[in-house]
Amino acid sequence: MRLIKQHKTSSLFLAFLLLAGICNLLTRSENMLLSSLMFCLNASILIALVVFWMQTVMTRILPSRARNYIITAGFSMILYLLLRIFKYRVIVNSVVMNRFAGYAYYVPLLLLPTLLLATSVALAYGDSVTGRRMEWVIFISAGLVTVIPLTNDIHLLVYSPTVELSAFDLESGSYVWGPFMYLICGWMFLELLIGLMILFRAMRKKEGWLVAAIATSLFAWLATTLLYSFVINRLSLPRMFNSAEIDSFFMLLIFEFCIRSRLIPHNEKHAAFFRNLKVPVLITDMDMHVVHESAAPIKADKEILMSTGTVPVYLDEDTRLSRMKIRAGYAFWTEDEHELREERRRLDEANALISEENGLIEIENKLKEQKARIDAQNQVYGRVAAAIWPKQKRIDVLLDNTDPGSPDFGKALGTVCVFNAYSKRKTNLLLLSENTLPKSNRELFLALSESARFLKCCGIDAAAIGDEYSEMSLSDINDLYDTFETVLETYLSVLRRMTVSLMKDGIRIAMEASEEKKLPQTVLPVIFKESDGLLFFTIRAGQKGGTT
């Protein structure tokens, strides 16, 4: 009783409960008017007390399945009290209806411990799938057990009548308890015990006084029930309370013990809690009207509170206002983002530095690419210079040693043209690469054709014939052209006419010369053959050089 007295209205609640008991005693008066008045007053007080308790539950416990189960338990208590009125004031002359009203007592009687067990599971497991499945199992099992007393007329295993069934009205002395009665009582006791154990375990409560208080309440409930069943009812002694009130208010007492001890969490005195809370927190209703405010107020009007749902709202440079939807409205709180802002500033500085470094790296990479490109070009130009320098040197020597007025000047100039043709075509070949050279190309034919064309400047009849296109690689083209130039330069002074033809794997030279000369070292081997005064040279790609 110590927990109940903690509430400021507990004493008034007990006073009205005792008044209802006194009214129940006065219903035995022989004055029918007084008896009826006391009965009505008794029923009104009891139902009003249950309704009052349900209202306190609505205020103290936040919206949840646990609160719904407790409210349903309150409706079950009211149903229990109404069934008693129906049984003893409405159908007093019907044996069958009286008997089935007694069976119907078990609907709220079994529902009360079932709802306590379901409340315990809802608090322990929350919204998990396991918790919801357990709740369904609990309600389905309770429903199956409830069917047993409602069908007693079929099996007679809850109440076994000692009189004819047609005269059986559940009055004391007209029945004995069947085996299913013990099953039902054991089921209710087991539900109460398991529900309380789950609550104690879930809330981690270990107070000995709380266990003793609840155990005492259960023992007093059981003792009172047995006393009424075996003594008071059989001897027709006056009583302040009937079984319906005893079962209902003892169950209400157990629920209240669980709430007051916070086995069932509640938000009692939350207004005082908010008033003393030093953290900026605000709770409003759905219309943004302030309901609770902490000691550190949030200075924001209704428009600002409403705007938090669409855009980030800052009360100052470092304070962000946040909100969350709750069942009855909204919760608002502030967050200090000074450190976050400082981290963002440092991050921006780091990003700017990284951006600058990336820009420098990008410029450096471009310079490296340009340098690599220039180096590659220089390498190409170096190869070109190395390849044509001997020819240019010979051209310079040839021009320096020849007098423009001499008879040999024209012949020397023709030789210079041939050397220049080679230099031009060799340069073009060196500027190409394997990637830029088409698979089927006519670079070698063009080079041979140009060299043959400039031979006419020396008075030599020359031509390039054969298929213009070939699929030889660039290295093979260079080797073939260099070898051709070596042969041409060797026989240039004795050459009369020449034909060069392009083959699939090389070139073939047919010439008429005044004499035969020995070839120097060549890039590719040269196969020599003389027939009918004509000289034939065959040069094939892909072979090692040598002197023929």
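Numbering starts at 1 and runs along the sequence shown.
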**Item:** Residues Tyr69, Phe139; criterion ring pair (Phe, Tyr, Trp, His ring centres under 6.0 Å); working and verdict
**Value:** CA-CA 11 Å; Tyr69 294 151; Phe139 286 122; 5.5 Å; yes
**Prompt:** Does some side-chain heavy atom of Leu315 sit less than 4.5 Å from a side-chain heavy atom of Lys299?
**Reply:** no
**Prompt:** Are the side chains of Val500 and Ile465 in touch, meaning some heavy atoms are under 4.5 Å apart?
**Reply:** no
**Message:** Check whether Tyr330 forms a cation-pi arrangement with Arg323 (NZ or CZ under 6.0 Å from the six-membered ring centre, at most 45° off the ring normal).
**Reply:** yes
**Asked** Taking 4.0 angstrom as the limit, do Arg260 and Glu256 come out as a salt bridge?
**Response** yes
**Prompt:** So, are Arg345 and Glu342 salt-bridged, with charged N and O less than 4.0 Å apart?
**Reply:**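 So Arg345 pairs with Glu342 through a salt bridge.
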Expected list for residues 124-134: side-chain donor-acceptor pairs under 3.5 angstrom, two or more places apart:
unit_1	atom_1	unit_2	atom_2	d
Asp127	OD1	Arg65	NH1	2.6
Ser128	OG	Tyr125	O	2.8
Ser128	OG	Gly131	N	3.2

What's the spacing between [X] [atom1] and [Y] [atom2] if we round to 0.5 Å?
X      : Y      : atom1 : atom2 : result
Leu144 : Leu110 : CG    : CG    : 11.5 Å
Leu519 : Thr486 : CG    : OG1   : 8.0 Å
Ile507 : Phe537 : CD1   : CZ    : 11.5 Å
Glu443 : Asn441 : CD    : CG    : 6.0 Å

More than 12 heavy atoms of other groups within 6.0 Å of [X] [atom1]:
X      : atom1 : result
Met306 : CE    : no
Glu339 : CD    : no
Phe189 : CZ    : no
Lys302 : NZ    : yes

**Request:** Can you see which heavy atom on Lys456 is nearest to which on Ala462, and at what distance?
**Result:**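 Here Lys456 and Ala462 meet closest at CE-O, 3.6 Å.
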Residue list, salt bridge (Lys or Arg N to Asp or Glu O under 4.0 Å) with [X], at least two apart or on another chain:
X      : result
Glu335 : none
Glu516 : none
Glu362 : Lys366

**Prompt:** Between the side chain of Asp287 and the main-chain N/O of His289, is any donor-acceptor distance below 3.5 Å?
**Reply:** no
**Message:** With ring pair (Phe, Tyr, Trp, His ring centres under 6.0 Å) as the rule and sequence neighbours excluded, what pairs involving residues 459-483 come up?
**Reply:**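 Every pair satisfying ring pair (Phe, Tyr, Trp, His ring centres under 6.0 Å) with a residue in residues 459-483: Tyr422-Tyr481.
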**Partner set under side-chain contact (heavy atoms from CB on, under 4.5 Å) for Arg453, not counting sequence neighbours** =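 Applying side-chain contact (heavy atoms from CB on, under 4.5 Å) to Arg453 gives Glu450.
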**Prompt:** Judged by modelled atom types alone, do Ser473 and Asp476 share a side-chain donor-acceptor pair under 3.5 Å?
**Reply:**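 Side-chain D/A pair, Ser473 to Asp476: present.
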